[in-house]
Structure formats: C-alpha cells, structure tokens
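Scroll down for the structure; my scribbles are underneath it.
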Protein chains: 2
Amino acid sequence: MTRIATLSDTRNNCHNCRLRSLCLPDNLSKDDLGELDSIVQRRKPVARGAYLFQAGERFQSIFAVRTGAVKTLTVQANGDEHISGFHLPGEVIGLDAIVSRDHPSTAIALESTSVCEIPYAELESLGDRMPAVQHQLVRVMSRELLAEHHTGHLLTRRAAEQRLAVVLLTFSERFARRGLSALRFRLPMSRLDLGNYLGLVPETMSRTFRRLEEQGLVSITGKEIELVDICAMKALAYGNEEARAATA
Amino acid sequence: MTRIATLSDTRNNCHNCRLRSLCLPDNLSKDDLGELDSIVQRRKPVARGAYLFQAGERFQSIFAVRTGAVKTLTVQANGDEHISGFHLPGEVIGLDAIVSRDHPSTAIALESTSVCEIPYAELESLGDRMPAVQHQLVRVMSRELLAEHHTGHLLTRRAAEQRLAVVLLTFSERFARRGLSALRFRLPMSRLDLGNYLGLVPETMSRTFRRLEEQGLVSITGKEIELVDICAMKALAYGNEEARAATA
DNA sequence: CGCGTCATTGAATACTATCAACGCCAGTGG
DNA sequence: CCACTGGCGTTGATAGTATTCAATGACGCG
C-alpha cells in the first residue's frame, strides 16, 4: 500500500494535475509551479467521516481537494451544526481560517478523499517572492466569495423545490467543469447533509425530491441523479413565474 | 462645497483614520501605510441611492467605506434582486470582482456615504513590492469569507424572530467595534432591504419587529433600535430550546 | 400640500416543520 | 450464514408559521 501511494505521489504534482486550472496552480508559470509543488504535501487518502481539521484547532495549512469530496461546517454554541459548503476536487478549503489563529470551521471527508496540504506560512513566504502565487491565492478567495453570494441567494429562495433545483444545477455545472457528465452524477453527501445545507429537514428533502421526479425533471436512484429535463429545471430554478407557467 | 471636501480630503489619510484597524491598513508599518495612502483616492460623498458600481461594469477598484453605509446586491436573470450584504465604515467591498473582469454585484449607498477608492491594479503592484499589503488583503478577504459563513447559517434558521435577533445583534457588535453604542443605534437600511437580505417579506418583518418589542427585547422607533434585554436577545438568537424556555 | 414609497395591519392560504411509524441497507457479531 | 442493530430515507397526519392578498396609515421629498 505504501509503495503504491509513494509511486502515486511522485507521479502526482501540480504540473500534470488535471485540476490545475481550477485550483491554486492556475495562472502560474512553469517555474512558479515548481516552487509551489515543492511545498505541497500530498497525503494519502483519508476515509469517509475523517476530519481534515476541526473547529478550534490551530490553523497551519489550507487544503486542496484532489479526489473525493469534503463538507465544511460550523458548530454553534448550542451544539447546532450548519454545513457551510461541499467541496469537490480542485477546490481549496480552510481559507476562512487565515484571519484568525484557529480554524473557525470543521472539514469532514464525505467519502474516501485525498487532499493536498499547503502549509500556509510557506505559501505566504512563497507569495512574497513570487507575486503570481499571491495573486492566484487572492483570485481563489475572490471566487469563493462569489460562490458564497450565490449560496446566500439560494438560501433566501422560499420554495424548497427551487432551492433543490438550484443546488442540483450547481452540482451539475461543477461536475461538468471537472470533465464528468452534467446530466448524470452521484451526490456525495447524504440527504441529511444536503438538507442541513439548504435549511430543510430530511422529510422535506425526501418529499421535494419526489415532487421533482413526478414533474419529470429528474430521475433519482439513491444518490444517483439524472437531470431529465434540464431546461425545465433551469426555468424552475432561475426563471420567473411566467417562464414556469409556460413550461407547465 | 468643493473647498470643504478638499480640505477634508487632505486631512484624511489612512494613518490618522479611526477605522484603520478594521480596514485594509491594519497591520501595516508606517512606510507601507504611506505607500498605500498614495494610491487611495478619497472621493467626495455620494448621495443616498447612488451606485458605487454596478453589476456588469468593468472591475477596476475596490472600495472601503469611510462614512455612511452601503448595500451590495446581485441581480438574477429574471430580474430578482438579492441583497448580499450591508457594509459599514471600515469594510471593503468589491472583492468578489477580483476573479472576473467585471463586477458580479452592485453597490448602492444607503445614505450619504464617502468611500476610499483603491485601484486594484495599483494595489496589486504595491503588494508585489510590499508583502504586508498583500497579506492584509488576504486577511480582509478571509474575514469576509468568515462573515459569509455566518450569514449562511443565519439564513438557514427557520424562525423569523431568530433571524432578526441574530442580525440585530450582529449590527450591535459592528457598531460597538466602531465606537458607537451597542445598545442603541439606527439601522441604515429600509425594512424592505433588511427583509430581502433575510429572505422575509416586508409584512413578516413588521410583525416580527412587533413581536420582539412585545416580548420586551427591543424598543423600536422607526429605524432607531434599542436593545432592551440583550441577554434574552442572545438566548433567542443563539440559545437552545432550554435556554429560551428558561428566560420565558 | 400632494404624491409616492415605505410601513403596518388583518384575514385567508400555502408551505414547511414536527411527530410518529415503518422500510431499507450496510456493518457487526453470533 | 444469518439475525441484529443503527443510521438513513421515506411516508402520512397534524400543527405552526410565513406568504399572499387587500387595504390603510405614515413618512419624506419635491
């Protein structure tokens, strides 16, 4: 096992990583890439349910998802947990910790997941010497802010059907950008997690999935999702009342 | 009018700005501060309702609020608007545009507002020479991400009373950090805007305000808010069911 | 002073949460 | 190999809460 992991590690570097353009190495020159590569620690896969970091832990590194999927969540004083995001390969997590000494949120693997660990102190000093590295970090954070605004808008949508439609379409786009099918994919998280993220209880999740299926928009088999009528789906998610009435 | 504005501008710089520690100049040396000062453009106040920038406009600068208040919003394809945040003096806006060529969101002054404009190209090249400037930009963005996670959690709270309580307490803290009263303040936005931000219709906003008042938690006169029982308020906002039952 | 926007109030409706119960499936231990 | 168990998902009935619709009142601005 160790042998294979080692082989895999030597083969894996930012330069030949398929996710390069989605991740921290985007927009870097070959030289910059090599330097970044030298500080990235490619760790062996962690099991489903494992913590990448926990709220309150000392912040030391940011992480890029390489394979698998991760959820990040915040824990409230009363013990309530809220899932703040799901993270697919190429996405960087832990960025909300830079401003504080400790991690404000917790990251948990949703399935067998491998990540690239990037010690922040080293990344910062690398950025001091190589402006492009620093610029790309800022770009990644800016993109993250943009995504959060999108999420904020998602959560103020009243109807559960709309929230679910939006989030399914968002996953569709994200999978497509990673070279996977935009119409047929497997959600990596449980209904419980997705409901927590959307602010809906599991019962409502179940009923809403069924309603989308009955309307002929999607076909669902466990966690496998097939978008049957993506146009109607978009009309439901983003359209106005007239557009929805027209498709109905 | 122009004379006064000019006088005011020459007196105002990052070094003696009271908001320095909340803003981009935090953690900078005196030399760094001077360089930053030289690229900051202090514009004369804009009127209530004026656009700082609009979605689709070419991104050129980020802005720091100096006085007044600003709302940022995104416009959907169907014309729906969603307010993604309210911004008080010392806060930096436009950061979600860095990753793209154009502004994804719109910024509108909620009252007479003055801002510091920071041309991003110049800030970037300044950061290349002065690592501390770049680090501070990253810290500000990280703090923004943290705040967005907080907002995300806020919006998944079911009860309108809880959402309103949380947002009032958040404003209380933000005003207090700026040297204003934590118990008595004036909300800069309309009920409509606050409702849009929270995902609630104006009617619900009105009723919820009244319910909080009837419970003796707050006292409301137009946009003036007084937090009468901040402990009970926190119990409602962040507490669990037992804590709320105990205070009732 | 008059107009328009914003805020408020009431009544009816629609939606989601809650409570309760059951089916399904994987992992575990006998 | 099979039964057991616990987490997850589903379904039904009920209750609670926000939205919608309709109308009036208040405030600021020209």
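Bear in mind the structure is a predicted one, so any value in this text is a computation, not a measurement.
- For the pair B/R48 and B/S112, the minimum side-chain heavy-atom distance is 4.5 Å or more.
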For a quick test of your reading: what N or O donor-acceptor pairs under 3.5 Å do the side chains of residues 217-225 of chain B make, sequence neighbours left out?
none

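- In this structure, the CG atom of A/D193 is 13 Å from the C1' atom of D/dG9, given to the nearest Å.
- Residues meeting the salt bridge (charged side-chain N to carboxylate O under 4.0 Å, His left out) test with A/R184, sequence neighbours left out: A/E226.
- D/dC27 atom P lies 14 Å from atom CD of B/E224, rounded to whole Å.
- Residues passing the side chain to side chain donor-acceptor pair (under 3.5 Å) test with A/R178, sequence neighbours excluded: A/E91.
- With sequence neighbours left out, A/H82 forms a side chain to side chain donor-acceptor pair (under 3.5 Å) with no residue at all.
- Residues forming a side chain to side chain donor-acceptor pair (under 3.5 Å) with B/T67 (at least two apart in sequence, or on another chain): B/S114.
- Taking atom CD of B/E111 as the reference point, atom P of D/dC29 lies 12 Å away to the nearest angstrom.
- In this view, B/E117 and B/R43 satisfy the salt bridge (charged side-chain N to carboxylate O under 4.0 Å, His left out) rule, not counting sequence neighbours.
- To the nearest angstrom, C1' of D/dT10 lies 13 Å from CD1 of A/I220.
- Along DNA chain C, the stretch of nucleotides lying under 4.0 Å from any heavy atom of chain A spans, 5' to 3', C/dT16 to C/dA20.
- Positionally, the nearest nucleotide of DNA chain D for A/L192 lies more toward the 5' end than for the other of A/L192 and B/R158.
- Per the geometry, CG belonging to B/L212 stands 15 Å off C1' belonging to D/dT17, to the nearest Å.
- Contact between the side-chain N/O atoms of A/R210 and the OP1/OP2 oxygens of D/dT10 is not found at any separation under 4.0 Å.
- Partner of B/V65 under the side chain to side chain contact (heavy atoms under 4.5 Å, CB included) criterion, chosen from B/C23, B/C116, B/P89: B/P89.
- Here the P atom of nucleotide D/dT17 and the CZ atom of B/R157 are 16 Å apart, to the nearest Å.
- Residues forming a salt bridge (charged side-chain N to carboxylate O under 4.0 Å, His left out) with B/R211 (at least two apart in sequence, or on another chain): B/E161.
- Contacts of B/R211 with the nucleic acid, taken as non-hydrogen atoms under 4.0 Å apart, involve only primed sugar atoms and P, OP1 or OP2.
- Residues forming a side chain to side chain donor-acceptor pair (under 3.5 Å) with B/R18 (at least two apart in sequence, or on another chain): none.
- Five base pairs at each end of the helix from C/dC1-D/dG30 to C/dG30-D/dC1 define two local axes, and these are offset by 40° (rounded to 10°).
- Under the salt bridge (charged side-chain N to carboxylate O under 4.0 Å, His left out) criterion, A/R210 pairs with A/E214, sequence neighbours left out.
- Residues from residues 196-208 of chain A lying near DNA chain C, meaning a heavy-atom separation below 4.0 Å, are A/G199, A/L200, A/V201, A/E203, A/T204, A/R207 in numerical order.
- Distance CZ (B/R48) to P (D/dC27): 15 Å, rounded to an integer number of Å.
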